[in-house]
Amino acid sequence: MMTNEPIAVKHLFKPLDDKLIALLESLNPDDWNKQTVAKAWKVKDVVSHLLEGNIRTLSMQRDKYYGGEPPAINSYTDLVNWLNLLNADWIKASKRISPDVLILLHKATGGLTTRYYELLDLYSPAVFAVNWAGESESLNWMHLARDYTEKWHHQQQIREATGREGILTREFFYPFIDTFFKALPHTFKNIGAPTGTKIKITITTNIGGNWYLQKFKDSWGVLKDIDAETFAATIRIPPEISWKLFSKSIRPDEIRGRVEITGNSDLAGQVLNMVSVMA
């Protein structure tokens, strides 16, 4: 079965946001300055970035207010560089915002952002395409799934940095990783292989699952079920590694000894190179 069905995340934004507020209210002064796996950002920076996500959603998407023209975007690299500049500008400005005010602003914007998400027609065109999945146009269900992955992995960064219990549960993690694997065909777009080549990717434990990448005549596609017993390559990745690997917080050479690979190492290596964020 091809994985082109919508990934259901609308119902998860509120409970995920509730967990975020409870998490932020539990942090002590030292926690806010702890280093996260996002190497340039401390905990307070990640909290500020999540707040900007809410403000950007409400301003640009709900209110159609963009605040200025972007520079000329002629390539994916241009887009990533511009987004990185926007992020850096916000983080610099938010240094002046106290932790208590950050929490206050999250409480003010979180519910409004969730309500906006809940009103979107899943099959209408999205304001922004999910570029890392190779899409030049996206539907709202994919756009929402992408935004969910942002909220999930940044909250997980805070939890890991501060030693809090994670959100590595089937309810919250599986939609996250399922969305990330939408980038697999794009990751393999320039990889040649005989038609019918199959790769099996497993995220271990009961919160993960299996994804199958197959080469068709002119493209690659991801399937959830497949009638096959042999594969050109198989890869088994623990969930606690997968979210950091595919968000580019760690790189394949850092985790080679912690994943299980059989078969064609080049194909398996390309899976590990997948990046499901704008980076």
(request) Would you check, one step at a time, whether the test side-chain contact (heavy atoms from CB on, under 4.5 Å) holds for Ile103 with Glu25? (result) CA-CA 7 Å; Ile103 295 173; Glu25 291 183 330; 4.2 Å; yes
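- Judged by distance alone, with hydrogens and angles left aside, the side-chain atoms of Gln157 form no donor-acceptor pair with the main-chain N or O of Ala161 at under 3.5 Å.
- With no hydrogens or angles considered, a side-chain donor-acceptor pair links Asn54 and Thr109 at under 3.5 Å.
- Among all heavy-atom pairs drawn from Val277 and Ser247, the shortest one is CG2-O, 3.6 Å.
- Partner of Phe246 under the ring pair (Phe, Tyr, Trp, His ring centres under 6.0 Å) criterion, out of Phe176, Phe181, Trp132: Phe181 alone.
- At least one donor-acceptor pair closer than 3.5 Å links the side chain of Ser276 to the backbone N or O of Phe180.
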Please list, one pair per line, the donor and acceptor atoms closer than 3.5 Å that link side chains of residues 61-68 to other protein atoms, with sequence neighbours excluded.
{"unit_1": "Gln61", "atom_1": "OE1", "unit_2": "His143", "atom_2": "NE2", "d": "2.7"}
{"unit_1": "Lys64", "atom_1": "NZ", "unit_2": "Gln61", "atom_2": "O", "d": "2.7"}

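- For Gln270 against Thr187, the heavy-atom pair with the smallest separation is NE2-O, 2.7 Å.
- For Phe188 against Ile199, the heavy-atom pair with the smallest separation is CE2-CD1, 3.7 Å.
- Residues Leu27 and Ile167 do not share a hydrophobic cluster, clusters being chains of Ile/Leu/Val/Met/Phe/Trp/Tyr side chains in contact below 4.5 Å.
- There is no path of hydrophobic side-chain contacts, each under 4.5 Å, that joins Ile73 to Phe128.
- With a 6.0 Å radius and a threshold of 12 heavy atoms from other residues, nucleotides or ligands, Lys10 has its NZ atom above the threshold.
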(request) Walk me through it: do Lys95 and Asp45 pass the test side-chain contact (heavy atoms from CB on, under 4.5 Å)? (result) CA-CA 8 Å; Lys95 297 289 187 186; Asp45 299 324; 2.9 Å; yes
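- Linking Ile, Leu, Val, Met, Phe, Trp and Tyr whenever their side-chain heavy atoms come within less than 4.5 Å leaves Leu51 and Leu58 in two separate clusters.
- Here the options are Val259, Val271, Leu245, the test is side chain to side chain contact (heavy atoms under 4.5 Å, CB included), and the partner is Pro252; only Leu245 passes.
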Which atom pairs, one a donor and one an acceptor, fall under 3.5 Å between side chains of residues 13-22 and the rest of the protein, sequence neighbours left out?
{"unit_1": "Lys14", "atom_1": "NZ", "unit_2": "Asp18", "atom_2": "OD2", "d": "2.9"}

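- Here the OG1-NE2 distance, from Thr114 to His11, works out to 12.5 Å after rounding to the nearest 0.5 Å.
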(message) One pair to check against ring-ring contact (aromatic ring centres under 6.0 Å, His included): Phe173 and Trp243. What are the steps and the verdict?
(response) CA-CA 9 Å; Phe173 175 77; Trp243 72 268; 9.0 Å; no
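- Between atom NE2 of residue His106 and atom OG1 of residue Thr113 there is a gap of 10.0 Å, rounded to the nearest 0.5 Å.
- Looking only at distances, no side-chain donor or acceptor of Trp141 sits under 3.5 Å from a matching main-chain atom of Asp121.
- Hydrophobic clustering, with ILVMFWY side chains joined whenever heavy atoms are under 4.5 angstrom apart, keeps Trp152 apart from Val43.
- Looking at Asn140 and Ser124, their side chains never bring a donor and an acceptor atom within 3.5 Å of each other.
- Within the 3.5 Å criterion, the main-chain N or O of Ser94 finds a donor-acceptor partner in the side chain of Lys44.
- Clustering ILVMFWY residues whenever any of their side-chain heavy atoms sit less than 4.5 angstrom apart, transitively, puts Phe172 in a cluster other than the one holding Val46.
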(message) One pair to check against ring-ring contact (aromatic ring centres under 6.0 Å, His included): His49 and Trp41. What are the steps and the verdict?
(response) CA-CA 10 Å; His49 178 67; Trp41 288 351; 4.7 Å; yes
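- Residues Gln156 and His153 have side chains that never bring a donor and an acceptor to within less than 3.5 angstrom of each other.
- Among all heavy-atom pairs drawn from Trp32 and Asn28, the shortest one is CD1-O, 3.1 Å.
- Side-chain contact check for Thr149 and Thr179: no donor-acceptor pair (N or O, by modelled atom type) lies under 3.5 Å.
- Taken from CG in Leu144 to CD in Glu118, the straight-line distance is 10.0 Å, to the nearest 0.5 Å.
- A distance of 12.5 Å separates CD1 in Ile7 from CZ in Arg146, rounded to the nearest 0.5 Å.
- Judged purely by atom type and a 3.5 angstrom limit, Lys189 has no side-chain atom pairing as donor or acceptor with the backbone of Ser219.
- Tyr117 has its ring centre no less than 6.0 Å from the ring centre of Tyr148.
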(message) Determine whether Leu122 and Leu139 satisfy the following criterion, side-chain contact (heavy atoms from CB on, under 4.5 Å), listing intermediate values before the conclusion.
(response) CA-CA 7 Å; Leu122 295 180; Leu139 297 180; over 6 Å; no
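- Atom CG of residue Leu272 and atom OG of residue Ser242 lie 11.0 Å apart, to the nearest 0.5 angstrom.
- Between the side chains of Asn84 and Asn81, no donor N or O sits under 3.5 Å from an acceptor N or O.
- There is no side-chain donor-acceptor pair under 3.5 Å between Lys92 and Asn87.
- Residue Trp90 holds its CH2 atom at 14.5 Å from CG of Leu85, rounded to the nearest 0.5 Å.
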(request) Go through the steps to decide whether Leu102 and Leu24 satisfy the test side-chain contact (heavy atoms from CB on, under 4.5 Å), and finish with yes or no. (result) CA-CA 9 Å; Leu102 283 175; Leu24 299 185; over 6 Å; no
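- For the pair Leu267 and Ala233, the tightest heavy-atom approach, listed with the atom from each and the gap, is CB-CB, 4.3 Å.
- Nearest approach of Pro238 to Thr204, heavy atoms of both residues: CA-OG1, 3.3 Å.
- Residue Arg258 qualifies as open at atom CZ: its count of foreign heavy atoms under 6.0 Å is 12 or below.
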